[in-house]
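Worth saying up front: this structure is predicted, and the values here are computed from it rather than measured. Below, all heavy atoms of this structure are taken into account, side chains as well, without hydrogens, waters or symmetry copies. Numbers for residues simply follow the sequence, beginning at 1.
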Amino acid sequence: MQETDNTTALYDVGGAFIIVALLGIPAGSILDYIWNLIVLSITLLILSRNNNGINISKARRLAYCLFITLLGLFIDWAYFELTWDTLFAKSALWSPAMPQALQFAWLLLPVIMISLVNFSLSYSFLKLDKRHSIIVGIAMGVFTAPWLLPTLPYMLGWVQ
């Protein structure tokens, strides 16, 4: 009888994914929630200084930001999938699916989507009038869009 070598080679590719999944996504979501709350609070403060009739409770702002953060995660993820080809199992380098200039042009899509979602929610949930809802929607769309995705990977040298 001839013995055969029955060995199996195991490759560890899960470490980076686990770190990103356990630390990056929750920490990023918490920071995103805080940023949404800051932008909303400043926008409402500016609107209330011009019009004394805007008074949104703290609980309503927190609930609003929770919902917006969850929706924003999907919008940001869709933009990320559209503009980047990443295979983290093979490499930590990112490869853009399109040139950086086109990534900035496509950034208008999440800005518009975030603006529309915030307009709708501020009109229905916060009970703002249409004019104020439009202002909240535009402010949230511009200031909470994923501006770091077309810039940060290049600055940090993650791009192939």
Side-chain angles (χ1 to χ4, degrees), residues 16-88 92-156 158-159:
F17 176 76
I18 291 171
I19 289 171
V20 169
L22 294 179
L23 299 178
I25 294 172
S29 299
I30 291 168
L31 291 174
D32 193 27
Y33 177 82
I34 292 169
W35 180 245
N36 286 338
L37 188 58
I38 289 170
V39 173
L40 176 68
S41 296
I42 290 173
T43 304
L44 290 175
L45 180 67
I46 291 170
L47 288 175
S48 68
R49 281 198 319 197
N50 295 336
N51 301 325
N52 293 331
I54 297 177
N55 188 14
I56 308 295
S57 71
K58 189 179 203 179
R60 224 155 164 74
R61 286 183 196 196
L62 294 173
Y64 178 92
C65 286
L66 178 65
F67 191 68
I68 289 301
T69 300
L70 294 175
L71 287 174
L73 287 173
F74 289 109
I75 293 170
D76 293 354
W77 174 72
Y79 173 73
F80 178 79
E81 289 294 325
L82 178 69
T83 57
W84 290 96
D85 289 327
T86 55
L87 290 173
F88 292 123
L93 293 176
W94 296 27
S95 51
M98 58 188 65
Q100 189 177 18
L102 194 53
Q103 287 178 353
F104 275 109
W106 274 102
L107 193 59
L108 288 175
L109 186 61
V111 168
I112 291 168
M113 290 172 63
I114 291 169
S115 295
L116 289 174
V117 166
N118 276 279
F119 163 75
S120 300
L121 196 60
S122 64
Y123 184 70
S124 63
F125 183 71
L126 296 181
K127 306 292 186 212
L128 297 177
D129 63 17
K130 283 186 183 179
R131 183 175 154 270
H132 292 137
S133 296
I134 289 171
I135 293 169
V136 168
I138 291 171
M140 294 294 285
V142 169
F143 292 112
T144 66
W147 293 100
L148 294 178
L149 281 176
T151 56
L152 196 62
Y154 291 95
M155 292 171 43
L156 296 176
W158 295 346
V159 179

**Asked** CD1 of Ile68 to CG of Asp32: how many Å apart, nearest 0.5 Å?
**Response** 10.5 Å
**Request:** If a pair satisfies side-chain hydrogen bond (donor to acceptor under 3.5 Å, both in side chains) and one of its residues is in residues 100-118, list it, with sequence neighbours excluded.
**Result:** Tyr64-Asn118
**Asked** How far apart are the C-alpha atoms of Leu40 and Cys65, what are their side-chain angles, what is the distance that settles it, and do they pass the side-chain contact (heavy atoms from CB on, under 4.5 Å) test?
**Response** CA-CA 8 Å; Leu40 176 68; Cys65 286; 3.8 Å; yes
**Asked** How close do Ile54 and Ser48 get, heavy atom to heavy atom, and via which atoms?
**Response** O-CB, 3.7 Å
**Backbone N/O of Leu107 and side chain of Trp147: donor-acceptor pair under 3.5 Å** = no
**Request:** Using modelled atom types only, decide if a donor and an acceptor are shared between the side chain of Tyr33 and the backbone of Leu62 within a distance under 3.5 Å.
**Result:** yes
**Request:** Taking all non-hydrogen atoms of both residues into account, name the closest pair between Ala145 and Ile114 and its distance.
**Result:** CA-CD1, 3.9 Å
**Prompt:** So how far is it from Leu82 CG to Leu109 CG, rounded to the nearest 0.5 Å?
**Reply:** 7.0 Å
**Message:** Quick check for you: to the nearest 0.5 Å, what is the distance between Met98 atom CE and Asp85 atom CG?
**Reply:** 8.5 Å
**Request:** Would you give the length of the straight line joining atom OG of Ser133 to atom CG of Leu47, rounded to the nearest 0.5 angstrom?
**Result:** 9.5 Å
**Asked** Is there a side-chain contact (heavy atoms from CB on, under 4.5 Å) between Tyr79 and Leu149 once you walk through the steps?
**Response** CA-CA 9 Å; Tyr79 173 73; Leu149 281 176; 3.6 Å; yes
**Which atom of Phe104 lies closest to which atom of Pro150, heavy atoms considered** = CE2-CG, 3.8 Å
**Prompt:** At what distance, to the nearest 0.5 angstrom, does CZ of Phe143 lie from CD1 of Ile42?
**Reply:** 9.0 Å
**Any donor-acceptor N/O pair, Ser122 side chain to Phe119 backbone, under 3.5 Å** = yes
**Item:** CZ/Phe74: more than 12 non-hydrogen atoms of other groups inside 6.0 Å
**Value:** no
**Message:** Just so I know, are the side chains of Val159 and Pro96 near enough to count as touching, which here means a heavy-atom distance under 4.5 Å?
**Reply:** yes
**Asked** Considering all heavy atoms of both residues, which atom of Ser124 and which atom of Lys127 are nearest to each other, and what is their separation?
**Response** O-NZ, 2.9 Å
**Prompt:** Within the side chain of Arg61, is there an N or O that forms a donor-acceptor pair under 3.5 Å with the backbone of Leu126?
**Reply:** no
**Item:** Spacing of Glu81 atom CD and Asp76 atom CG [to the nearest 0.5 Å]
**Value:** 12.0 Å
**Prompt:** Can you find a pair of side-chain heavy atoms, one from Val136 and one from Leu121, that are under 4.5 Å apart?
**Reply:** no
**Message:** Just checking Phe67: does its CZ atom have more than 12 heavy atoms from other residues, nucleotides or ligands closer to it than 6.0 angstrom?
**Reply:** no
**Backbone N/O of Asn36 and side chain of Thr144: donor-acceptor pair under 3.5 Å** = no
**Message:** Is any side-chain heavy atom of Ile46 closer than 4.5 Å to one of Ile135?
**Reply:** no
**Asked** Do you know which two heavy atoms are closest between Pro110 and Ile75, and how far apart they sit?
**Response** CB-CG2, 3.7 Å
